[in-house]
Amino acid sequence: VIVEGAEYVGNETAGASMTFTINHASFKSVEAPNSRDVVSAIYACLSFAQYTPNAIFLNPPTIYRMKTEKDTLGRSLDMVENVNGVLGVPGLPVVEAPDVPEGMYVAGDFLNGANLYDYSALEMQFVEDAETVLYNMVRLVFQEQLGLVVYMPWAFAYGSLDALKAAITKE
């Protein structure tokens, strides 16, 4: 998105005076898009240089909505497939993530664009306190510290599936 001549004037009507141009080939290019087209657009937008998205995180109700999409005759479109126990929209594995808001997505290249570091090894500890002794119980606590370092932020995207669907819909 390129914003031309936009300046902040300190009031809520400043957004109405902004103009912008979208310069991506997928903008307004698909007639009657479905969820598969939306995921394909995400894949196309995030593929550059050596970066290619390798996962998309979706909320379980969003996945259910995608699974139940039908064509105009009422036949299932089979948007989300289960291949060898892994959910996927063609070309991209789907990860069920309840923390992602419904209707939103997180996608990216989690192999080349980021790295998961293990700051501390997994520790296991038996804990007894006054409450556990009172009920004749013992707590078992597991703890580990991880860090996700993002090397290429442009290899990741977060957004609304419905907004992206509207952006790729041909008028």
Side-chain angles (χ1 to χ4, degrees), residues 1-4 6 12-118 142 144 146-171:
V1 177
I2 300 172
V3 180
E4 298 174 2
E12 307 217 346
T13 61
S17 65
M18 291 184 182
T19 60
F20 59 90
T21 305
I22 298 176
N23 294 320
H24 196 275
S26 61
F27 181 66
K28 303 283 185 201
S29 64
V30 182
E31 290 189 32
N34 55 38
S35 295
R36 182 175 292 161
D37 299 324
V38 172
V39 173
S40 295
I42 293 168
Y43 190 86
C45 290
L46 292 179
S47 295
F48 65 97
Q50 74 266 23
Y51 302 102
T52 303
N54 49 36
I56 183 167
F57 290 75
L58 299 170
N59 190 298
T62 304
I63 295 171
Y64 171 75
R65 190 177 77 196
M66 290 173 74
K67 282 182 180 179
T68 57
E69 280 190 46
K70 296 179 177 37
D71 65 8
T72 55
L73 298 175
R75 296 174 297 197
S76 178
L77 293 174
D78 294 326
M79 294 292 174
V80 181
E81 301 167 343
N82 189 335
V83 179
N84 296 329
V86 178
L87 289 177
V89 177
L92 206 53
V94 173
V95 179
E96 291 187 57
D99 295 334
V100 176
E102 191 172 336
M104 305 297 277
Y105 69 90
V106 176
D109 188 342
F110 292 90
L111 295 176
N112 297 320
N115 201 353
L116 186 64
Y117 286 103
D118 189 1
F142 291 94
E144 182 178 27
L146 301 172
L148 180 67
V149 178
V150 176
Y151 295 116
M152 174 52 77
W154 297 108
F156 299 91
Y158 169 77
S160 166
L161 292 168
D162 292 334
L164 184 55
K165 187 175 189 177
I168 66 172
T169 302
K170 189 181 239 182
E171 293 178 348

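FYI, side chains are in, hydrogens and waters are out, and symmetry mates aren't considered; it's all heavy atoms of this structure. Worth saying up front: this structure is predicted, and the values here are computed from it rather than measured.
Here the CD-CD1 distance, from Glu102 to Ile63, works out to 11.0 Å after rounding to the nearest 0.5 Å. Atom CG of Leu46 and atom OG1 of Thr52 lie 9.5 Å apart (nearest 0.5 Å). The structure places CD of Glu69 at 3.0 Å from OG of Ser35, a figure rounded to the nearest 0.5 Å. Here CG of Asn34 is found 13.0 Å from NZ of Lys70. Values are rounded to the nearest 0.5 Å. Between Leu111 atom CG and Tyr51 atom OH the span is 12.0 Å, to the nearest 0.5 Å. Taking NZ of Lys165 as the reference point, atom OG of Ser160 lies at 11.0 Å (rounded to 0.5 Å).
Each of Leu87, Val80, Leu161 was scored for a side chain to side chain contact (heavy atoms under 4.5 Å, CB included) with Leu58, with one residue passing: Leu161. Residue Pro53 is tested with Val39, Asp109, Leu92 for a side chain to side chain contact (heavy atoms under 4.5 Å, CB included); the sole match is Leu92.
Nearest heavy-atom pair, Ile42 versus Ala107, reported as atom, atom and distance to 0.1 Å: CG2-CB, 3.7 Å. For the residue pair Gly103 and Thr62, the shortest heavy atom distance occurs at N-OG1, 2.8 Å. The minimum heavy-atom distance between Pro33 and Ile168, with the atom names listed, is CB-CD1, 3.9 Å. Residues Val95 and Ala55 come closest through the heavy atom pair CG2-CB, 4.4 Å. The two residues Ala114 and Phe156 make their nearest non-hydrogen contact at CB-CZ, 3.7 Å.
Taking the side chain as every heavy atom from C-beta outward, Glu144 and Asp118 approach each other to under 4.5 Å. In this structure, Leu77 and Arg36 have side chains that are not in contact, with every pair of non-hydrogen atoms separated by 4.5 Å or more.
Partners of Tyr105 according to the ring pair (Phe, Tyr, Trp, His ring centres under 6.0 Å) rule, which considers only residues two or more places apart in sequence or in another chain, do not exist here.
Heavy-atom neighbours of Tyr64 OH from other residues, nucleotides or ligands within 6.0 Å: at or below the threshold of 12.
For the salt bridge (charged side-chain N to carboxylate O under 4.0 Å, His left out) condition, the pairs that include at least one residue of residues 149-162, sequence neighbours left out, are Arg65-Asp162.
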